[in-house]
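Inspection log for the structure reproduced underneath, given as structure tokens.
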Amino acid sequence: DTGSAAAIPINEVDIAYVTPVTVGTPPQTLMLDLDTGSSDLWVFSSLTPSSQVRGQDIYTPANSSTSKLLNGHTWSIRYGDGSGSRGTVYLDTLAVGGLEVKSQAVQTAQEVSSSFTQEQSLDGLMGLGFSTLNTVRPSSQLTFFDNARPSLDEEVFTADLKYHATGSYDFGFVDRAKYTGNISYTAVTESPGYWTHSLSGYAVGSGAFQTTRLSGISDTGTTLLYLPTAVVTAYYRQVQGAQNSQYYGGYVFPCSSSLPTFTFGIEEARFTIPASYINYTRISPTSTTCYGGLQSSSGLGINIFGDVALKAAFVVFSGTNPPRIGFAHK
Ligand SMILES: C[C@H]1CC[C@H](NC(=O)Cn2ccnc2)CC1
């Protein structure tokens, strides 16, 4: 079996991407953020206080003939940006792009943090990390990918995220029409439940490629690219007027700056992120100061290859044993 669904940017700077997912019988459609950096599938629901719901679609288990309460189970998650949610759990039929799982754990939010309430076009998250990260207790639950695995033609899902455009997520197959050349694969260590792998090095603009292995996680749920301070300072040294602002919490520069590209390596392959992806956003709608799409990971304890990097490639998340991740040009 296979599935294929759209990855739609939720705003004009691609802060996150959402994908239509149907839950229950008859199907209730929600727009979820497919997030390889976590492993909980949670939704705004009829159990979410109305004061915390602002325009989101909700899942109402009472309106689904196939919903079953997972008795006595709860969950609570905190993301790296400080956002979070918690609640209870139902099992129900869930489908993405025509691929159906009969008894998926759907985590119904009873509380969401303000940044989720404010994100009107995001109805929840679908974690696509390793199920060991799932927060449901007393028994942890499987991700949609782990539940779908037995029925998939191939044990993979792919991400084709695009800059200021709609891309796609595919399950169970690698679409030859979505990439060019060969896929460059590299080893994934499941530590601790993320799609953790290394880059073989990097280059700033037309500079020499620095061969140095950088370990991190490929995370579709994180907007930007977070790398070691040494790499990031080397990049912004090439940008007139750039500075690392305490006030804005990262590197900012004049929006008129001409930025260098940034190239990362996957084994022998090289992927170049266009300057436009790194000129991320104005710090406020009328400002001439812009915030960078490449930032330091020093406060995080881990490098994060977020959407700014992932949208420069066609990415294959392979659930084979051992797992691996592949990058191709497109
Ligand atoms: C400083 C960085 C900020 C962004 C952080 N990423 C996340 O929190 C990913 N995420 C998933 C759901 N909501 C957000 C990683 C640290």
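Note that ligands are numbered from 1 as they come in the structure, with each ligand's atoms numbered from 1 the same way. In this chain, residues are counted from 1 in sequence order.
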**Prompt:** Is atom CG of Asn182 surrounded by more than 12 heavy atoms (other residues, nucleotides or ligands) closer than 6.0 Å?
**Reply:** no
**Prompt:** Does any pair with a residue in residues 93-118 pass salt bridge (charged side-chain N to carboxylate O under 4.0 Å, His left out), and if so which ones, sequence neighbours excluded?
**Reply:** Arg86-Glu111, Glu100-Lys102
**Request:** Please answer whether the main-chain N or O of Asp14 pairs with a side-chain N or O of His164 as donor and acceptor at a distance below 3.5 Å.
**Result:** no
**Fill in**
salt bridge (charged side-chain N to carboxylate O under 4.0 Å, His left out) pairs touching residues 265-276, sequence neighbours excluded, are Arg213-Glu267
**Item:** Partners passing ring pair (Phe, Tyr, Trp, His ring centres under 6.0 Å) against Tyr169 (at least two apart in sequence or in another chain)
**Value:** none
**Asked** Does the Ser64 side chain pair with the main chain of Pro61, one donor and one acceptor, at a distance under 3.5 Å?
**Response** no
Would you tabulate the polar-atom pairs, meaning N/O of ligand 1 against N/O of the protein, with distances under 3.5 Å, reported to 0.1 Å?
{"residue": "ligand 1", "atom": "6 (N)", "partner": "Thr222", "partner atom": "OG1", "Å": "2.9"}
{"residue": "ligand 1", "atom": "8 (O)", "partner": "Gly80", "partner atom": "N", "Å": "3.1"}
{"residue": "ligand 1", "atom": "8 (O)", "partner": "Asp81", "partner atom": "N", "Å": "3.0"}
{"residue": "ligand 1", "atom": "8 (O)", "partner": "Asp81", "partner atom": "OD1", "Å": "3.4"}
{"residue": "ligand 1", "atom": "10 (N)", "partner": "Gly221", "partner atom": "O", "Å": "3.4"}

